[in-house]
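Values reported hereafter were calculated over all heavy atoms of this structure, with side chains retained and with hydrogens, waters and symmetry mates removed.
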Amino acid sequence: MKVFLIILIAATAVLAQPKTQSFDRDLPDWTWKTGARKLPKIETIFSVNLFGAKGDGVTNSTKAIQTAIDEASKKGGVVKFEKGIYITGALFLKSNVHLQVSEGVTLLASHDESLYPRKPTRIAGIEMTWLSALINVENVQNVRISGKGTIDGNGQKWWDKYWALRKEFEPKGLRWASDYDAERVRLMLIQNSKDVTVENVSLKRSGFWTVQILYSEQITVDGIKISDNGGPSTDGVDVDSSRYVLIQNCDIDNNDDDICLKAGRDFDGLRVNRPTEFVFIRDNTIRRGAGIISIGSETSGGIRNVVALNNKGIGTGNAVRLKSAKTRGGYIKDILIRGLKLENVTNTFAFTLNWNPSYSYASIPKEITTYPDFWKVMTTQVLPVERGYCDISNIKIQNVEAIGSKKIFTAEGLPDKFIQNVEFTNIKVSGNDAGTIDFAKNWTMNNVNIQTDSGENIKLTKTENVQLPKVRKK
């Protein structure tokens with residue numbers, strides 16, 4: 001097939017620059033080193049329509065779109081679409097390619113699972129072979145995905161698949177296996193790649209996680225909108241054992257964690273031992289979902305050096321959510337969260353080291369003798385037992401204003417592993433209940449003022465040197 005070159009413009013490489021930028025002098029120097037360092041520099045345009053793609057909402061255009069991507073990759077270029085709805089399976093971007101999904105363009109995921117080849121990846125903290133994502137940025141560099149169009153995961157098929165399997169598995173004591181056995185198509189995967197920019201596109205109805213950034217570095221996610229994610233495990237942006245990541249100006253509404261940092265699960269995560277680090281999260285608006293800033297529960301490789309600046313939550317389940325389990329190990333440390341504005345958030349500050357036991361602790365019933373290899377991996381014990389305890393420490397939360405919270409503090413360490421060195425400064429929260437703090441040590445409250453229905457303070461259990469905030473009745 002001939003290569004159709006419509007426009008050739010030589011352009012110099014540009015650093016990914018934010019549209020808006022909160023400024024704060026008192027931030028770690030590394031924050032300004034996050035994000036993609038360059039963009040694809042060649043603007044030769046490759047029209048998918050000239051390679052046979054049809055935006056009629058019926059024709060399978062996977063092969064035509066992939067051919068355009070492959071041709072663009074030879075010298076670099078922009079892959080573009082005429083307005084329309086394009087049915088497609090998994091697409092694999094290449095180095096120096098700019099995928100431009102412009103206004104009026106929708107990429108709609110096909111339900112044909114044969115169009116999503118199974119490839120090695122990591123799912124919820126465990127390395128395994130799984131269905132490819134709809135958009136795959138794997139083992140490449142200098143890639144851009146942009147435009148005001150829509151990438152639609154068409155996820156109902158995979159949501160139904162999960163709920164059917166979970167209904168079958170749960171009575172057998174296999175709740176923990178449901179998320180892994182029900183293979184679902186992620187909307188976008190960035191894996192083993194660097195200098196990748198995702199900006200302005202609308203992402204919706206993901207079959208599983210929406211944007212997974214795995215084993216990658218120098219990644220920018222800027223100005224994307226995530227919506228209509230009504231299904232299970234439809235996380236917004238997951239940063240998974242990756243570094244130097246910038247997430248900014250996004251509008252996220254989904255059914256699970258909104259922005260979540262992860263680093264592997266249990267025995268397998270401890271084996272891989274790759275941290276998530278140097279992550280800058282700023283100027284995002286978070287709506288429905290399980291956590292504005294969620295860290296964990298996959299903590300095995302460790303999560304450190306994170307700054308979240310000037311984010312907003314509206315009706316979110318949790319604002320700051322730190323979670324791990326007794327078999328995860330690793331750490332959550334050196335976290336700075338500054339400038340949160342919250343409305344009608346269920347839990348303002350939620351920390352736990354014993355998260356969701358029916359999911360977190362895997363065991364195979366004796367009557368089941370045939371099962372996937374990853375079941376054996378997931379049920380391999382972490383020894384000694386203490387290696388499975390996650391260290392949560394050196395957490396700073398500053399300048400928070402919240403109204404309409406239901407519970408303000410929910411913190412649960414372990415008898416053998418306290419949550420330590422958490423500092424709250426300039427906090428003003430109005431909510432129903434002050435909440436509880438259990439198994440915690442060295443928590444400070446500087447100018448922390450809360451209002452509750454009863455005027456009762458936080459209930460402390462098995463704590464050491466935990467200060468209480470000022471509380472008054474509404």
(Q) Taking ring pair (Phe, Tyr, Trp, His ring centres under 6.0 Å) as the definition, give me every residue that meets it alongside F409, ordered by chain and number, with sequence neighbours left out. (A) F349, F424
(Q) Can you confirm whether the side chains of Y331 and R304 place a donor and an acceptor under 3.5 Å from each other? (A) yes
(Q) Which residue is it: N136, L134, V198, V221? I am looking for the one with a side chain to side chain contact (heavy atoms under 4.5 Å, CB included) to M188. (A) V198
Q: Report yes or no: does S242 contribute a side-chain atom to a donor-acceptor pair with the main-chain N or O of I213 at less than 3.5 Å?
A: yes
Acceptor/donor pairs from residues 456-464 side chains to any protein atom, 3.5 angstrom cut, sequence neighbours excluded:
residue, atom, partner, partner atom, Å
N457, ND2, P469, O, 3.0
T461, OG1, D438, OD1, 3.2

Q. What about the rings of F208 and W130, do their centers lie closer together than 6.0 Å?
A. yes
Q.
Taking the side chain as everything from C-beta on, heavy atoms only, tell me whether V239 gets closer than 4.5 Å to I281.
A. no
Q.
Tell me whether K161 is salt-bridged to E183, with the criterion being a basic N under 4.0 Å from an acidic carboxylate O.
A. no
Q.
Listing request: all side chain to side chain donor-acceptor pair (under 3.5 Å) pairs with a residue in residues 377-396, at least two apart in sequence or in separate chains.
A. D334-N394
Q | R328 CZ to W355 CH2 distance, which is reported to the nearest 0.5 Å | A | 7.0 Å
Q | Non-hydrogen side-chain atoms of E423 and Q398 separated by less than 4.5 Å | A | yes
**Q.** Close side-chain approach of M378 and R265, heavy atoms under 4.5 Å
**A.** yes
